[in-house]
Amino acid sequence: MLYRLLSPLAVILLVNGQTDEWWPTATLYQVYPRSLKDTNGDGVGDIKGITESIPHLIDAGIDCVWLSPIYKSPMKDFGYDISDFLSIDPIFGTWDDFLELARVIKEAGLRLVMDIVPNHTSDKHDWFLKSINREDPYTDYYIWRDSLGIDQNGTQIPPNNWISAFAGSTWEWNEQRQQFYLHQFTVAQPDLDYRNPLVIEEMKNVLRFWLENGMDGFRVDAPGHIVEHIDFLDEPPTNDPNCPPMQFCQLQHIYTMNQPETLDVLREFRKVIEEYEVASGEKKVIMSEPTNNIVDTMSFYGTPDDPLMDFPFNVNFVFDINNQTNASTLKYAIDNWIDNMPAHATANWVMGNHDQPRNRERQGEEFAMALSMVNLLLPGISITYYGEEINMDNTFVSWADTQDPQGCNAGPEYYQRFSRDPERTPFQWNNQTFAGFTTGNSTWLPVNENYLYTNLEDQKLPNRIRSPFKIFQALTAARKTEAIITGSFEHRVLTENVFAFVREAPAATLNYLVVVNTGYAEDQANANEQFPQLPTVGTVYTSTISSNQEIGDVINLNAINLPPRGGIVITFTL
Ligand code: GLC
């Protein structure tokens, strides 16, 4: 084992659980590697591009980088179909490029977390090729089932009615093995069989490999899908009239998702993390994607005696906040996580990711910024999807240009509803050709036409006083202050549309009052009424673009003016 040298003190601290966890107040940033920066002109982002972007992430106030997959992959699901968990795909660069990125990240004092995709491999993975051939020990690495016979068209009948997350049957007939294999995502992503202990061990070894190479932790992909029910019964229909034929929404996923054994698998992953914490003297993080309901998602936290994930992502925050939001529903979106979370757990806040339409598309330009004030100043971890710091929008991608398998499988009629391409387009660095993303003459997805205005360089100009990037910087700076790190949290509905919260700590020089207007008209709110501890005046720390409150203005807290869908952060002293 290549365990790093240990100081005995570190071991004692870890065993006693005293070493500080570094993530409970971290500002995480998700990099979608194809889309951050392209340095070799092929139109696809690469690792060298991520390395070149680190100064920007430092400037933005990020603490931890989470990389979506960069492993060897045929790219049928753009890296989430992995053909070798232990190597880097040449489209992203070389192993040395990766080591250099890891070095630059460490040197900057940031952390690096990798995506791990346990549910499936690529159909080009060696294990799968051997499994097709029934070569042991790989024969039962995947979920193989016999056909139920042949229908009148001469087609093999699949074992049951299960539908893949990306549409169509989850079952694919393999001529060579004369059996069906299960794939909960694309046909090119066969599901591993986690009832086979050898598979669990293989995946634990993958985790060990990356920990030995200095990773600070992992994001576990699609945990809800890891185990299927052993009886392979048909799933009941949802009878959802808005669900197109053969789409995932047709069925209630009671046998393909959230099986109790899933937690046993997560526990095994956790054990590896703990092994390495003791071995390295450093705290590692293991976080996961959520699943499709809050109760099962919360179960991923585990309990204090049986911790599983440090946190499952709170994508609920994405779904609970829509354009009908008023102050009470915004408060509900926050309570829905905090009230359901186990007592020992840390909250986290996500506004978007590579699977969801961008925050700005869902909320509009102004409210997207107001929500980032909420996301970044609530207690706990905040997670920023690349581009959110400059308020990037969804990009229109035509059917002809559609790349995402979920979009392609939906067909021309429905692709816009299912495709994830619009939220994956190139980062907008400046107002040059292709927004400065590439030196080449094309990009893998189109650059948003708004790049002339929505780009980093422009948002850093001195005359863009309240650009999304400057607001973001102010918020990440606030995250490093006492009131946000350790402060209390009180949230209130001030008017039908105005929601507010206070973060304060006895030792803090500055405390924060965050006020947002969910409504589509100007509004005025009295914060003193709901928060009697507040002084009568506070100072504007940052405000959204349409606000007429300038940074540094001293304002009365009993009459705070807000533009439609706008937000303001006010500092005060006690
Ligand atoms: C997760 C990923 C998604 C991917 C899927 C299959 O949901 O976030 O992007 O397509 O898993 O790996």
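Residues: numbered from 1 along the sequence shown. Ligands are counted one by one from 1 in listed order, and the atoms in each one are counted from 1 as well. Note that these values count all heavy atoms, side chains included, but never hydrogens, waters or copies made by symmetry.
One finds the OG atom of Ser382 at 3.5 Å from the CZ atom of Arg479 (value rounded to the nearest 0.5 Å). For the atom pair CZ (Phe98) and CG (Leu112), the distance works out to 5.5 Å, reported to the nearest 0.5 Å.
For ligand 1, the atoms sitting less than 4.0 Å from at least one non-hydrogen atom of His120 are 6 (C), 12 (O), numbered in the order shown with element in parentheses. Near Asp355, the atoms of ligand 1 lying under 4.0 angstrom from a non-hydrogen atom of the residue are 2 (C), 3 (C), 7 (O), 8 (O), 9 (O). Listed by atom number, the atoms of ligand 1 under 4.0 Å from Glu289 heavy atoms are 1 (C), 7 (O), 8 (O).
Using a 4.0 Å cut-off between heavy atoms, His225 makes no contact with ligand 1 at all.
Put simply, no part of Gln184 is less than 4.0 Å from ligand 1, judged by heavy atoms. Within the 4.0 Å heavy-atom shell around ligand 1 one finds Phe166. Within the structure, ligand 1 lacks His183 among the residues with a heavy atom less than 4.0 angstrom away.
Taking the six-membered ring for Trp, His56 and Phe427 have ring centres closer than 6.0 Å.
Heavy-atom proximity to atom 2 (C) of ligand 1, evaluated over Ile82, Asp221, Thr186, is greatest for Asp221.
Closest to atom 4 (C) of ligand 1, if we only count protein heavy atoms, is Asp77 OD2, 3.4 Å.
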